[in-house]
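One structure is given here, and the rest of the page talks about it.
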Amino acid sequence: SSMLKVVSGSSQERCFSVPAQPVPPLAQTLQGYLRALEPLIPEEELVHTRKNIQKFCGEGGLGPQLQEGLERRAKHSNNWISDWWVQWAYLESRQPLPVHSNPAISLPKRDFSDWRGQLVFASKLIAAALDFKNVVDNGRLPVEYMRGQPLCMELFPLLFSSCRIPGRKHDTITHHSRARHITVVRNYQFFQMDVYNSDGSRMTESQIHAQLLRIRAESWKTDKEPMGILTSEHRQTWGQAYSRLLKDKLNKESVRAIEKGLFTLCLDSPVMRVSDDKYSSRMAAQILHGGGTHSNSGNRWFDKTLQFVVGEDGSWGLLYEQATAEGPPIATLLDHILQYCKKPDPKKTPLIPLQMPKKLYFNIDREIKRDIEHAKQNLDILINDLDIRCFNFQRFGKELPKRHNLSPNSFIQVALQLAYYKVHNEVCASCDIASQRMFRGGRTDYIRSPTNQMLKFVLTFDDPSITREAKLELLREAIETYVTLTDQALKGQSIDRHLLGLKLQAIEEGLSVPRLFMDTAYGLATHWKLRTGQVPANTDSVMCFGPLVPDGYAVCYNPQPDHVHFSVTAFNCCEETQAETLAATLHSTLCQLQELLQPTV
């Protein structure tokens with residue numbers, strides 16, 4: 001796959017101290033899978049799955065043969081599952097990138113409120129990102145550790161100058177070295193802006209600022225066709241439009257300039273003011289999809305790995321494409337940017353006349369005009385379908401569970417299960433994302449809920465005949481089981497990527513897909529109605545993405561010591577799911593759990 005390119009310099013040598021990702025034992029994964037099904041599926045249906053599993057592992061079953069294939073694959077590759085995962089989960093997915101795939105992160109409001117402040121801050125932001133790139137390129141990025149283990153640093157160099165390319169059957173990823181420019185988009189118009197001087201030094205903030213002023217002067221009207229909207233389309237549709245678009249030489253040059261750029265900066269136009277309690281939800285939506293085709297959605301190139309968004313009202317954030325980037329490296333980048341923004345620009349400005357940033361032009365024929373119209377309609381339908389609720393829970397933060405010797409992440413996961421149960425009167429397949437960066441080329445795996453212990457706690461929570469002590473004991477058991485699952489995941493012993501690997505190995509060997517993956521239990525177990533993610537940030541950022549399934553939710557949370565930021569999304573087209581209801585129930589559930597831990601009476 002075009003995914004992982006080996007990087008030069010010291011990060012690469014350091015990668016060798018990170019062990020290869022293990023293939024978990026077959027029996028262990030299948031037992032874990034059965035255990036994960038128990039809270040979701042009635043006993044009489046489980047009988048069928050147990051039979052399938054016995055056949056799969058037993059004499060003449062495919063299990064051992066496929067497992068052997070995976071172990072062979074592990075010996076001969078950088079990572080036995082990552083390339084497959086990226087291909088299967090991202091590049092072959094045909095869903096639009098906005099909402100369904102690209103995560104958005106909105107950051108605390110800066111203190112500016114007009115276009116002048118916007119451009120000053122944007123200049124600093126560009127300089128900060130370039131400074132981070134310089135640290136990565138020179139191998140000065142310190143190796144990160146988790147639980148004392150060094151982490152794989154392979155993804156960092158790929159964050160810059162990379163882009164996803166649409167295709168009819170599947171997408172690919174392109175990565176360029178030696179790019180000297182970024183692209184800036186304002187009022188739907190793209191500019192190629194060099195950010196290095198001819199001697200190779202990075203431009204200073206005031207040089208960058210001067211160039212942004214020139215771009216502003218050249219992009220007054222929004223009377224241009226919003227080319228960026230094409231990237232929001234269903235991938236097959238965009239793949240077809242892309243080949244049409246690139247038949248023209250001028251279009252090809254313009255698109256290549258965007259793809260090769262180090263990253264994209266989106267200078268958004270002002271949006272309607274909203275009340276303070278709605279501000280964070282509006283903000284998250286703006287970064288996630290641009291707020292609609294009448295607003296800033298034309299100021300995005302959704303295929304780009306990194307896009308920074310800066311509004312005129314102090315709002316800012318970033319949007320990233322997951323086939324190349326993921327949460328933890330993005331958090332490291334943001335941390336660097338926030339630290340950098342506290343300092344004045346150390347560089348003196350050389351008195352060199354700068355070349356005008358190059359405006360990117362497009363030849364638009366009738367067909368492409370029609371493609372853009374369709375893309376606009378489809379994006380607005382998707383945006384109107386997405387329901388977003390962000391809130392800052394201020395009663396307590398991660399200090400509360402810690403004081404009671406409970407894992408904060410596990411505590412929040414139990415709260416999510418309980419809130420979901422209160423709204424829907426059942427539990428559902430839920431995934432929490434666990435990093436696999438302690439392995440060479442590792443990406444992610446899932447930690448599954450609910451467990452049997454969680455279900456037990458959830459079912460007894462509102463039962464008045466059960467004592468507080470008994471409930472506390474069940475809460476502890478639910479949290480401890482979740483901690484154990486987390487520990488297993490961080491040792492590369494989770495079940496979901498392994499199950500996927502077995503299925504893909506069968507396809508690779510030209511065998512029919514094992515029955516195990518064709519029964520209703522597997523369908524139900526992988527219909528993730530609750531997609532969750534903890535934001536690994538030391539700052540008050542809010543992360544946001546759409547649900548994985550039409551009748552599901554996505555919940556992101558960022559636990560700080562004395563408060564927790566949440567974002568909840570659902571689709572309006574599903575009558576049963578309402579982001580507002582789940583958000584409000586989550587709020588009251590957290591308060592009830594606090595009361596359980598520390599009774600006020």
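- No side-chain heavy atom of Thr183 sits under 4.5 Å from any side-chain heavy atom of Leu265.
- Side chains of Gln417 and Ser430: a donor on one and an acceptor on the other come within 3.5 Å.
- Between Tyr522 and Phe517, the ring planes are perpendicular. Angles over 60° get that label, and only those under 30° would be called parallel.
- A side chain to side chain donor-acceptor pair (under 3.5 Å) with Trp238 is found for exactly one of Thr231, Asp371, Asp303, namely Asp303.
- In summary, the aromatic rings of Phe263 and His181 are positioned with their centroids too far apart to meet the 6.0 Å limit.
- Nearest heavy atoms, Phe439 versus Cys152: O-CB, 3.4 Å.
- Applying the salt bridge (charged side-chain N to carboxylate O under 4.0 Å, His left out) rule to pairs touching residues 565-583 yields Arg389-Glu580, sequence neighbours excluded.
- Thr444 approaches Gln436 most closely through the heavy-atom pair C-CG, 3.5 Å.
- Around atom CE of Met146, more than 12 heavy atoms belonging to other residues, nucleotides or ligands sit under 6.0 Å away.
- For residues 91-108, the salt bridge (charged side-chain N to carboxylate O under 4.0 Å, His left out) pairs, not counting sequence neighbours, are Arg94-Asp171.
- With no hydrogens or angles considered, a side-chain donor-acceptor pair links Gln286 and Asp268 at under 3.5 Å.
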From CA spacing to verdict: side-chain contact (heavy atoms from CB on, under 4.5 Å), Leu360, Met227
CA-CA 11 Å; Leu360 302 177; Met227 299 305 294; over 6 Å; no
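- Taking every heavy atom of both residues into account, Ile105 and Ile287 meet most closely at O-CD1, 3.9 Å.
- The shortest side-chain heavy-atom distance between Asn409 and Asp432 falls under the 4.5 Å cut-off.
- In this structure, Arg440 contributes its side chain and Asn78 its backbone to a donor-acceptor pair below 3.5 Å.
- Taking 4.5 Å as the limit, some side-chain heavy atom of Arg235 sits within range of a side-chain heavy atom of Arg164.
- For His100 and Phe571, the ring centers are positioned less than 6.0 Å apart.
- For the residue pair Ala284 and Cys390, the shortest heavy atom distance occurs at CB-SG, 3.8 Å.
- Between Asn296 and Ser269, some side-chain heavy-atom pair lies under the 4.5 Å cut-off.
- Residues passing the ring-ring contact (aromatic ring centres under 6.0 Å, His included) test with His234: none are found, sequence neighbours excluded.
- Annotation: His565 is not in aromatic contact with Tyr557 [ring centroid separation under 6.0 Å not met].
- At distances below 3.5 Å, not a single donor-acceptor pair connects side-chain atoms of Thr305 with backbone N or O atoms of Leu159.
- Between Ala429 and Leu40, the closest heavy-atom pair is N-CD2, 3.6 Å.
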Could you go through the side-chain contact (heavy atoms from CB on, under 4.5 Å) check for Leu155 and Thr324 one step at a time?
CA-CA 7 Å; Leu155 282 185; Thr324 306; 5.6 Å; no
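- Cation-pi geometry between Arg531 and Tyr553 is not met at under 6.0 angstrom from the ring centre and within 45 degrees of the axis.
- No side-chain donor-acceptor contact under 3.5 Å links Ser297 and His289.
- Between the side chains of Glu509 and Gln505, at least one donor N or O lies within less than 3.5 Å of an accepting N or O.
- The environment of Arg282 atom CZ is dense: over 12 non-hydrogen atoms of other residues, nucleotides or ligands sit within 6.0 angstrom.
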